Amino acid sequence: MKTLPLFSIALLSASALAYELLLMRLFSIIHWHHFAYMIIGLALLGYGFSGSLIALMQDRLIRHFQTVYPLAIALFSLSSIICFEITQTLSFNTEEILWDFRQSLLLLAVFVLLSLPFFFAGAAICLAFLFYKDRLNQLYAADLFGAGGGCIGVVGLLNALFPDHALVAISALGLCAALIAGIELKFKPITLASYFFCLSALLVFLAMQLQLAISPYKSLPHTLLINGMEIVSERSSPLGLITVVNSKKIPFRHAPGMSIASPHQPLPQLAVFTDADNMSVITGKAENIQQLAYLGQMTSALPYVLKPSDQVLIIGSGGGADVLQAKFHQAAHIHAVELNPQYIELVSQDFADFSGDIYQQANIDWHIADGRDYLTSHENQYDLIQISLLDSFNASVAGLYALNENYLYTTEALKLYVSRLKPGGYLSITRWLKLPPRDALKLFTTVLEAFKTPSIRQNLVMIRSWQTTTLLIKNGAFNAQEIAQVENFSAERNFDLVYTPTIKEAQANRYNVLKQAWFYQGAQALLSGDSQTFIENYKFNLRPASDDQPYFQHFFRWSSLPEMLSLLSKGGAGLIETGYLIIFATLCIAILTSLFFILGPLFRLPKNPSQTKLIKRRHVAVYFFAIGLAFLMIEIAFIQKFILFLHHPVYSLAITLTAFLVFAGFGSAYCKQFSKNAPSRFRIVGVISLIVALSLAYLCFIDDLFQLTAAWPLIAKFILSILLIAPLAFFMGMPMPLALNSLAQDNAHLIPWAWGINGCASVISSVAATLLAMQFGFSIVILTAVICYLSVIGQFPASDSAMQPVH
Amino acid sequence: MNSNPYIQFVYALVFCFISADESVYAVEDYSMVRKNMVQLIKYDVQSTRDYLDKDKLNAKVLKVLETVPRHEFVPESQIPYAYENRPLPIGHGQTISQPYIVAIMTDLLQLSPDSRVLELGTGSGYQAAVLSGLVKEVYSIEIVEPLGIAAQKRLQKLGYGNVTVKIGDGYYGWEEHAPFDAIIVTAAASHIPPPLVEQLKAGGRMMVPVGSFFVTQQLLLVHKQTDGKLINRQILPVRFVPVTGDH
């Protein structure tokens with residue numbers, strides 16, 4: 001019996017998945033998150049391409065398997081770094097796509113280049129399936145185990161290394177996979193050693209050339225152009241690359257939303273960039289409290305002037321500007337919650353002298369946590385919960401956050417915040433102002449959905465500067481004195497009222513004059529009772545964000561697109577929310593390319609040599625396409641639900657994705673015994689039924705279960721999640737190897753084609769899942785996946801002539 | 001092999017690149033294309049008149065746009081697109097605004113021939129050149145040294161003698177030439193620097209385009225009243241009503 005190359009497959013899969021996740025990180029740094037999403041989504045079509053190509057050339061490739069298999073792995077390793085380096089030299093600019101057709105072509109070139117490493121990885125795996133077709137469920141299991149390891153491994157890697165160094169590490173891991181393949185295939189040691197030496201030398205050479213080329217349109221490179229700028233600290237983690245910049249000549253004066261009438265100026269600051277953009281600051285130590293007076297000139301300072309705040313909770317405290325604002329307003333006790341520990345370390349360790357180490361001061365507690373997680377695990381009540389400007393202005397106004405799930409601004413989140421307010425306490429949410437209004441109005445619709453009582457109108461106040469809006473939700477009704485204070489506060493600072501329980505139209509458009517008082521009118525229309533008509537007629541999507549559809553920043557509406565496009569040259573470019581369009585374009589490209597990859601080989605596939613026991617190709621196509629769609633949709637939708645439960649975006653993803661892959665691996669390994677006894681066709685019905693039953697059961701009960709266990713310690717939550725994922729993933733690991741085994745019996749020539757189809761479906765599925773979730777919510781994604789699974793029951797590609805008409 | 005679909009796909013891609021390059025047309029007579037550009041702007045402004053509170057832009061502004069050679073303010077690779085109504089990259093991650101936006105911003109400042117204007121963010125110098133033909137003196141501050149030096153040389157070479165460029169921090173304005181009739185802040189700012197407000201004459205106007213590098217989302221026009229009070233106008237540079245059915 002031939003030795004199976006299980007270790008090389010596992011290591012290759014680990015490297016390929018780690019590479020995929022790392023590319024997300026790298027492209028988020030050098031470009032923006034949503035383009036990272038698009039490029040990598042499309043690059044994964046390399047898997048589909050590998051299937052198509054092997055389908056056409058399988059005889060030749062299999063004859064030379066001993067050479068081609070390790071070669072493909074080595075090529076994955078080298079191309080992973082070379083292709084990334086080449087893409088960096090193609091200076092495509094995302095913002096110009098609306099104007100310049102050539103940018104799309106450059107983007108296409110980027111995606112073709114980046115699909116090469118996945119092509120080689122896919123080719124190696126697919127060839128191994130074909131070559132060892134009698135035991136391919138074991139190979140598939142090794143593939144999944146490896147991928148699981150790669151997922152958790154890359155998180156560890158990103159904690160230890162900068163992303164560019166991590167790329168070299170992953171590339172080196174790929175090379176090790178090639179070496180192991182050589183050992184498994186019993187290469188002569190001397191031959192193997194010499195190849196390995198040469199390739200390692202090449203890798204070292206490539207690694208030395210590697211340097212991240214960040215888009216010049218991001219704020220970090222922009223800032224560094226100014227004389228006297230100096231990077232004083234750089235830290236990296238899976239949450240982002242943080243760069244601290246000191247300006248020796250021209251001080252930073254970052255005070256977004258500061259009143260135009262402010263007599264005060266900001267203190268000296270250090271700039272902190274996350275992923276080379278999204279600037280925030282570490283503020284220099286104030287000699288006296290009056291130097292912080294500029295922080296009282298923001299719209300976010302409103303709650304402090306209404307009432308002295310005893311207990312203040314700041315969600316997303318970052319470099320500490322909101323903490324200083326609370327301090328300036330003499331908050332007695334400040335609880336600062338920040339997800340990224342590196343911010344706290346920077347303020348409290350690296351720049352403690354500069355910042356006066358605000359986080360260590362007597363009345364300040366800091367916690368490393370997600371805001372909602374902190375609130376569910378602590379029972380405190382607050383006078384003020386403050387959430388201010390957590391995203392970058394540029395990306396926000398350009399609509400680039402449309403795809404980002406954000407659980408801080410959902411109906412469920414608002415209910416949680418308000419439930420933790422003392423009687424008379426305030427929730428304060430500050431957002432960038434967009435024209436025409438978007439975030440501000442969506443906050444209203446989300447509030448109305450969360451609190452359906454008509455009296456909620458008495459508990460709301462919103463003001464706006466030219467740049468920001470601040471919404472206050474009070475635990476109780478605003479009284480006349482408070483409303484008078486809001487009016488005075490706004491008038492002194494040139495802010496306008498958007499909504500108070502007693503607002504008059506004349507108060508709504510005085511200092512920052514709009515053509516019409518859109519914010520006021522929108523708020524009135526939404527709070528007047530017939531909010532549905534207004535939402536329907538509004539040209540941006542104002543439907544409330546929920547945990548099932550956590551896309552607060554998704555404002556795009558198809559019905560408005562023609563008008564917006566026609567206004568492109570007339571100053572209307574700012575209306576188009578490109579984030580959504582990008583993902584839609586990704587889906588279209590993925591579908592068209594997949595059709596090409598799937599149909600292309602169909603006409604050229606060799607006829608089955610034996611001419612007997614043929615399987616309908618339609619069945620193969622439908623089956624592998626549907627299970628590809630379904631697997632990814634279930635995986636993505638449940639991972640989203642678990643992220644919400646576990647709260648930490650990176651570690652939750654790592655644990656849940658790994659659990660999915662590893663338990664699917666177990667399922668795949670187990671199904672060999674499974675298929676010995678009865679025809680796979682019957683087995684598949686059982687497997688699919690179990691997947692469907694589990695999915696539907698989770699869909700119905702998982703939210704309640706999560707509610708019940710919300711206060712559990714994190715480790716217990718992790719264990720519960722893994723226990724929940726295990727059975728589902730176990731069965732989800734079976735449909736693919738069961739069918740591949742069935743093909744292997746008499747129709748092995750169809751294996752690469754099936755592999756390619758499955759690869760294409762996975763790409764389409766991941767993009768479609770996001771679009772479906774944006775439009776209908778994650779529950780619908782799960783239901784779609786269930787339908788896909790059910791649809792394959794009659795399509796199992798088996799060649800049993802008694803059961804299946806011969807083609 | 002031509003019959004191979006994959007090779008054909010690659011050919012198609014290469015063809016796209018080549019044909020895109022061929023669209024780079026040679027323009028001999030720039031004044032004609034400039035006129036065309038201004039015509040387009042006139043037409044677009046008409047359709048935005050509700051928001052600008054006017055049917056057409058000041059004739060002088062349009063006249064100046066017809067004369068300023070925009071192609072001299074963009075890098076060589078962008079010259080073929082210099083008179084298209086779109087923003088263009090000018091290197092160093094900087095951009096030159098869409099001509100339509102430049103026209104509107106300049107118009108909204110309501111300049112007179114004896115105005116003194118301060119500009120923050122010289123960039124390539126195009127906006128300063130446009131202002132130069134409309135006012136008495138233009139003072140422009142650029143924070144990025146290589147850009148500022150290049151713009152200074154360019155403006156000198158093209159004969160915009162009333163424009164003075166300096167490299168430095170614009171936060172405190174330009175005290176020695178203050179007060180200004182108009183200020184235009186094209187550099188990104190997290191807030192409007194209080195010293196700039198002080199250096200604006202009573203009755204003067206300050207223009208701040210707000211948005212990302214390529215896309216202007218709104219125009220903020222700060223009007224300092226004769227009594228020193230400040231009124232902002234937030235102008236959507238496009239005719240767009242966010243709600244259907246109520247207008």
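The model shown is predicted, which means the values in this text are computed figures rather than measured ones. Just so it is clear: chains get the letters A, B, ... in the order the sequence lines come, proteins before strands, and each one is counted from 1.
Contacts with chain B were tallied for A:A255, A:S259, A:P216; A:A255 has the most, counting heavy-atom pairs under 4.5 Å. Contact count against chain B (heavy-atom pairs under 4.5 Å) is highest for A:P266 among A:P266, A:P251, A:P221. Between chain B and the options A:H254, A:H222, A:K218, A:H264, the largest number of non-hydrogen pairs under 4.5 Å is found for A:H222.
Interface remark: B:I101 contributes side-chain atoms only to the contact with chain A (heavy atom separation under 4.5 Å). The parts of B:Q234 that come within reach of chain A are both its backbone and its side chain, each placing non-hydrogen atoms under 4.5 angstrom from that chain. At a 4.5 Å heavy-atom cutoff, the contact between A:N512 and chain B is made by backbone and side-chain atoms alike. Contact annotation for B:P99: neither backbone nor side-chain heavy atoms come within less than 4.5 Å of a heavy atom of chain A. Looking at A:E563, the atoms closer than 4.5 Å to chain B (heavy atoms on both sides) all sit in the side chain, from C-beta outward.
Remark: B:R205 engages no residue in a salt bridge (Lys or Arg N to Asp or Glu O under 4.0 Å) (not counting sequence neighbours).
One distance of note links CG of B:D169 with NZ of A:K249; it measures 12.0 Å at 0.5 Å rounding. Interatomic distance, OG of A:S262 versus NE2 of B:H191, reported as 7.5 Å (0.5 Å rounding). Note that CD1 of B:I231 is 7.5 Å distant from OH of A:Y511, once rounded to the nearest 0.5 Å. Atom CG of B:L220 and atom CH2 of A:W466 lie 5.5 Å apart (nearest 0.5 Å). Atom CH2 in A:W518 sits 5.0 Å away from atom CG in B:L236 (nearest 0.5 Å). The NE2 atom of B:H92 lies 13.5 Å from the CG atom of A:L224; values are rounded to the nearest 0.5 Å.
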B:Q94/A:Y217 under side-chain hydrogen bond (donor to acceptor under 3.5 Å, both in side chains): CA gap, chis, key distance, verdict: CA-CA 7 Å; B:Q94 307 275 341; A:Y217 300 101; over 6 Å; no

Stepwise side-chain contact (heavy atoms from CB on, under 4.5 Å) test for B:N232 and A:V513: CA-CA 6 Å; B:N232 294 343; A:V513 182; over 6 Å; no

Worked check of side-chain contact (heavy atoms from CB on, under 4.5 Å) between B:Q218 and A:L433: CA-CA 10 Å; B:Q218 55 158 306; A:L433 177 141; 3.7 Å; yes

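Between B:L230 and A:N494, the shortest heavy-atom contact is O-ND2, 3.0 Å. When all heavy atoms are compared, the tightest approach of A:Q265 to B:P194 is CG-CG, 4.3 Å.
Within 6.0 Å of atom NZ in B:K35, 12 or fewer heavy atoms from other residues, nucleotides or ligands are found, so the atom counts as exposed in its surroundings. Within a 6.0 Å sphere centred on NZ of B:K229, heavy atoms belonging to other residues, nucleotides or ligands number 12 at most.
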